[in-house]
Amino acid sequence: MREALKEAEKGRRGGEVPVGALLIGQSNEVLARDHNRSISRNDPTAHAEILVIRRAAKLLENYRLNGMTIVVTIEPCAMCMGAIINARLDTLIFGAFDLKSGAAGSIYNLSNDGRLNHRLRVIPGIMESQCRELMQDFFREKR
């Protein structure tokens with residue numbers, strides 16, 4: 001999570017909403033790391049989670065990322081959870097819940113929806129206070 005926080009901080013410095021993500025391979029190696037880039041790319045889909053999934057899939061030349069883990073500073077939104085589920089990631093680890101748009105347990109729980117064809121293990125609350133504070137500080141500065 002420390003590495004994901006470093007990515008989030010890079011995004012914050014660039015004016016992006018400070019979310020960082022890592023994609024960890026089956027041998028515990030970091031395959032991809034990134035932060036939100038929606039503003040700088042003028043792309044509403046350029047969330048940190050989407051970017052690391054794209055990068056790892058391209059690196060591995062496979063659209064399925066079975067057995068892998070994504071680490072994110074903030075609970076993923078519905079779009080990102082859709083990508084996580086479609087990539088068949090095994091585990092999602094995140095820092096703070098997103099009580100406005102979270103889709104891994106707070107507002108929605110797509111990670112364990114029996115109507116979907118894939119479920120994943122979710123581990124929330126890792127370095128929760130640091131992840132929450134980074135986000136709160138960012139929005140406090142914006143106001």
Side-chain angles (χ1 to χ4, degrees), residues 1-113 116-142:
M1 188 60 71
R2 283 181 182 80
E3 294 299 313
L5 277 165
K6 288 178 186 176
E7 285 297 325
E9 181 59 34
K10 287 180 192 176
R12 186 194 66 75
R13 285 193 307 269
E16 299 281 355
V17 175
V19 177
L22 305 174
L23 204 135
I24 311 296
Q26 292 178 356
S27 301
N28 291 322
E29 73 280 20
V30 176
L31 295 175
R33 62 179 68 227
D34 216 327
H35 53 273
N36 278 4
R37 295 176 186 269
S38 296
I39 296 167
S40 62
R41 291 188 178 181
N42 296 310
D43 179 356
T45 69
H47 290 195
E49 300 94 323
I50 301 293
L51 296 173
V52 297
I53 288 169
R54 286 177 181 161
R55 189 166 291 132
K58 188 172 185 174
L59 176 72
L60 299 172
E61 298 181 340
N62 196 337
Y63 71 111
R64 297 286 193 230
L65 302 174
N66 297 345
M68 298 184 196
T69 297
I70 189 165
V71 179
V72 189
T73 55
I74 301 296
E75 178 185 9
C77 69
M79 174 184 71
C80 292
M81 282 303 293
I84 288 165
I85 289 165
N86 281 313
R88 302 295 193 269
L89 292 169
D90 280 9
T91 305
L92 162 65
I93 298 170
F94 70 86
F97 282 96
D98 181 347
L99 302 178
K100 292 186 178 181
S101 62
S106 62
I107 301 220
Y108 305 105
N109 191 357
L110 297 179
S111 61
N112 198 25
D113 189 320
L116 300 174
N117 63 350
H118 180 70
R119 286 170 206 53
L120 65 147
R121 182 171 57 139
V122 176
I123 302 169
I126 306 302
M127 298 183 70
E128 182 175 8
S129 60
Q130 295 95 320
C131 294
R132 185 184 316 103
E133 286 170 17
L134 180 61
M135 188 70 79
Q136 289 173 338
D137 289 348
F138 173 80
F139 284 110
R140 199 173 0 252
E141 290 169 10
K142 287 286 184 190

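Any value given below was found using the heavy atoms of this structure, including those in side chains, with hydrogens, waters and symmetry copies removed. Just so you know, residue 1 is the first one in the sequence shown, and it goes up from there.
The side-chain heavy atoms of Glu3 and Ile24, taken from C-beta on, include no pair separated by under 4.5 Å. Within the 4.5 Å cutoff, the side chain of Leu23 has no heavy atoms near those of the Arg55 side chain. For the pair Leu22 and Val52, the minimum side-chain heavy-atom distance is 4.5 Å or more. Inter-residue side-chain proximity for Ser111 and Leu92 is flagged as unmet; no heavy-atom pair is nearer than 4.5 Å. The shortest distance between side-chain heavy atoms of Arg37 and His35 falls below 4.5 Å. Residues Val72 and His47 form no side-chain contact, since every pair of their non-hydrogen atoms from C-beta on lies 4.5 Å or further apart.
Atom-to-atom distance recorded for Arg88:CZ and Arg64:CZ is 4.0 Å, nearest 0.5 angstrom. From Leu51, atom CG reaches atom OG of Ser38 across 7.5 Å, with rounding to the nearest 0.5 Å. Note that NZ of Lys100 is 12.0 Å distant from OG of Ser106, once rounded to the nearest 0.5 Å. Note: Ile70 CD1 to Leu120 CG = 10.0 Å, rounded to the nearest 0.5 Å. How far OG1 of Thr73 is from CG of Leu5: 6.0 Å, rounded to the nearest 0.5 Å. To the nearest 0.5 angstrom, Lys58 atom NZ is 15.0 Å from Leu31 atom CG.
Within a 6.0 Å sphere centred on CZ of Arg2, other residues, nucleotides and ligands contribute 12 heavy atoms or fewer. More than 12 heavy atoms of other residues, nucleotides or ligands sit less than 6.0 Å from atom CZ of Phe138. In this structure, Arg119 places its CZ atom where more than 12 heavy-atom neighbours from other residues, nucleotides or ligands lie under 6.0 Å away.
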Next item on the list: Test side-chain contact (heavy atoms from CB on, under 4.5 Å) on Glu49 and Leu89 and set out the steps.
Entry: CA-CA 12 Å; Glu49 300 94 323; Leu89 292 169; over 6 Å; no
Note to self: Using side-chain contact (heavy atoms from CB on, under 4.5 Å), reason through Met68 and Leu60 one step at a time and then give a plain yes or no.
What the structure shows: CA-CA 12 Å; Met68 298 184 196; Leu60 299 172; 3.2 Å; yes
Checklist line | Full working for side-chain contact (heavy atoms from CB on, under 4.5 Å) between Tyr63 and Asn86 | finding: CA-CA 9 Å; Tyr63 71 111; Asn86 281 313; over 6 Å; no
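Asp90 places no side-chain N or O within 3.5 Å of a backbone atom of Asn66 that could act as its donor or acceptor partner.
Nearest approach of Phe97 to Glu75, heavy atoms of both residues: CD2-OE1, 3.3 Å. Closest heavy-atom contact between His118 and Ile85: CD2-O, 3.6 Å. The shortest non-hydrogen separation linking Arg41 to Ala46 is CD-CB, 4.3 Å. Heavy atoms only, all atoms of each residue included: Ala104 and Met81 are closest at CB-SD, 3.9 Å. Shown here for Ala103 and Cys77, the closest heavy-atom pair between the two residues is CB-C, 3.6 Å. The two residues Phe94 and Val122 come nearest to each other via the heavy atoms CE2-CG1, 3.6 Å.
Screening residues 10-25 for side-chain hydrogen bond (donor to acceptor under 3.5 Å, both in side chains), with sequence neighbours left out, gives Glu7-Lys10, Glu9-Arg12, Glu16-Ser40.
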List the atom pairs, with distances to 0.1 Å, where a side-chain N or O of residues 124-137 and a protein N or O form a donor-acceptor pair under 3.5 Å, not counting sequence neighbours.
{"from": "Glu128", "atom 1": "OE2", "to": "Arg132", "atom 2": "NH2", "distance (Å)": "2.9"}
{"from": "Asp137", "atom 1": "OD1", "to": "Arg140", "atom 2": "NH2", "distance (Å)": "2.7"}

